[in-house]
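Down below is the structure, laid out as structure tokens.
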Number of protein chains: 2
Amino acid sequence: MPAQPAKQSKVEDVRTRTLRVATRLLAERGFEGTSLQDVADEVGVRKPSLLHHFPSKDAIRAAVFEQMLQHWNVSLPRILRAATSGEDQFDSVLDELIRFFTDDPDRARLLLREVLDRPREMGALVRSQMRPWIESIAGYIRKGQERGALHPDADPEAYVVHVTTNLIATVATQRLLGALPLDRSVKELVRMARASLFLPLKKESTKKR
Amino acid sequence: MPAQPAKQSKVEDVRTRTLRVATRLLAERGFEGTSLQDVADEVGVRKPSLLHHFPSKDAIRAAVFEQMLQHWNVSLPRILRAATSGEDQFDSVLDELIRFFTDDPDRARLLLREVLDRPREMGALVRSQMRPWIESIAGYIRKGQERGALHPDADPEAYVVHVTTNLIATVATQRLLGALPLDRSVKELVRMARASLFLPLKKESTKKR
DNA sequence: CCTACCGATCGGTAGG
DNA sequence: CCTACCGATCGGTAGG
């Protein structure tokens, strides 16, 4: 039965379990609120064993964050593809964005904590990694404005940032506050995003459909 | 020259200075990321002196938070008055809300951290303290919907929560990310809030003005 | 991946 | 408001 070689016989190795446990604890309690002992206890090893797999506590935080960035880089092509495809560009992009954060709400909490705890580092990361994505979406909005299909006074960059910020904050604080059901919050967020971007249909313009 | 009685001769007493310093540090670094030593150093006293004025570190956090709630309770009547006054109800309420958080961005950061760190306690507080305010504003929105002046498919409670959440998250992360200027972000937030609530003017309805 | 241990710092107390 | 001090826990290392 244990036919696999020893190196991969474990269902899930310590490194993988550490990342999974640390993601949850760092999202819930923050970096300073999470001790290596907490992580070790839930992983099921002794504290020094963690530091065999990661050189320091901060390296665990960095690895957790990078893992999230890798998930984002997997989702990003789908988002940008959605932005160039046919009709439902807007809903497709927003759906992918919603999926990314609702798939694992810890992503939203982790991101929010990083922004609060490490503003300079996150600012640099936004400028280098997120900016191109924001500009890409903002570019499509500008084209829509030139076609007369979108609100001409919308500020494309600020709009994209707001929709994203609102989504992250909503997902991060949702199950925590437990006030409104998440699907109801997200539905209203989508309605607000649409209503504040699309111009109401006039009788003249669109002919097809 | 030192004509004042000794009891109030200090420009600012230790308790007041502690609250001011702790507000900033707790907003910037969070509860677990701030030590009593950090606070004592900036206040300019020894650590045990803080614990003469406050029974514990958690009591300092609670006092800082309650001070913010008191500021909110000062602003709240102005907000609700704005909601019942004449024409510019919407802008007045939103202006007061914007003023509350931009007056001291640490309020937004503190609130966000509390929601992340103490979800259950904050959930209870929202339900007991914020709910009436949310319902009040949502009530005005419902009336507007019945008059046919506002988007009929808007979800009033979810709408109010989203505008507030977005404002808090935007102010909290603003100077930190340093991407868009705050006034530009806030301007777009107001535009989005208006455009997603008010129906575009039709030719028939309004006669006065 | 373990036991054993390190110096530093934590929140908090005693006692004046 | 201070000095002196407490036990507990922190991240991390030695060495096997």
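Bear in mind that the values here come from a model prediction, so they are computed numbers and not experimental data. Chain letters run A, B, ... following the sequence lines, proteins first, then strands; residues in each count from 1.
- Rounded to whole Å, atom P of C:dC1 lies 10 Å from atom CG of A:Leu50.
- For C:dG12, the OP1/OP2 oxygens have no side-chain nitrogen or oxygen of B:His52 closer than 4.0 Å.
- One atom, CG of B:Leu25, and another, P of C:dC10, lie 13 Å apart when rounded to the nearest Å.
- As a whole-Å value, the separation of B:Phe54 CZ from D:dC1 P is 12 Å.
- Here B:Lys143 does not pair with B:Glu146 in a salt bridge; the nearest charged N to carboxylate O distance is not below 4.0 Å.
- The ring pair (Phe, Tyr, Trp, His ring centres under 6.0 Å) pairs that include a residue from residues 105-125 of chain A number zero, where partners must be two or more places apart or lie in different chains.
- One interatomic measurement links the two molecules: CZ of A:Arg46 to C1' of D:dG12, which rounds to 17 Å at whole-angstrom precision.
- Legend: residues meeting side-chain hydrogen bond (donor to acceptor under 3.5 Å, both in side chains) with B:Glu42, ordered by chain and number and at least two apart, are B:Arg24.
- Taking A:Asp58 as the reference, A:Phe31, A:Ser56, A:Arg61, A:Arg118 meet the side chain to side chain contact (heavy atoms under 4.5 Å, CB included) condition, with sequence neighbours excluded.
- Toward the 5′ end of DNA chain D lies the nearest nucleotide of B:Pro48, the other residue of the pair B:Pro48 and A:Asp58 mapping further downstream.
- A donor and an acceptor atom sit less than 3.5 Å apart, one in the side chain of A:Lys47 and one in the base of D:dG11.
- Between A:Arg113 and A:Glu32 there is no salt bridge, since no side-chain N of the basic residue sits under 4.0 Å from a carboxylate O of the acidic one.
- Distance A:Arg61 CZ to D:dG12 P: 12 Å, rounded to the nearest Å.
- With sequence neighbours left out, the side-chain hydrogen bond (donor to acceptor under 3.5 Å, both in side chains) criterion links B:Gln37 to B:Asp41.
- Per the geometry, CG belonging to A:Asp41 stands 9 Å off P belonging to D:dC10, to the nearest Å.
- For the ring pair (Phe, Tyr, Trp, His ring centres under 6.0 Å) test, residues two or more places apart in sequence or in another chain that qualify with A:Phe100 are A:Trp72.
- Mapping B:Ser49 and A:Lys57 onto DNA chain D by nearest heavy atom places B:Ser49 at the nucleotide closer to the 5' end.
- Comparing C:dC2, D:dC1, D:dC10 by their nearest atom to the side chain of A:Ser35 picks out D:dC10.
- Atoms CG (A:Asp13) and P (C:dC1) sit 8 Å apart, rounded to a whole Å.
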### Query
When Watson-Crick pairs (N1 to N3 and N6-O4 or O6-N4) and G-U wobble pairs (N1-O2 and O6-N3) count only below 3.5 Å on both distances, what is the dot-bracket string of DNA chain C, with | for other-strand pairs?
||||||||||||||||
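- Taking atom CG of B:Leu26 as the reference point, atom P of C:dG11 lies 11 Å away to the nearest angstrom.
- Within 4.0 Å of B:Leu51, counting heavy atoms only, lies at least one base atom of the nucleic acid.
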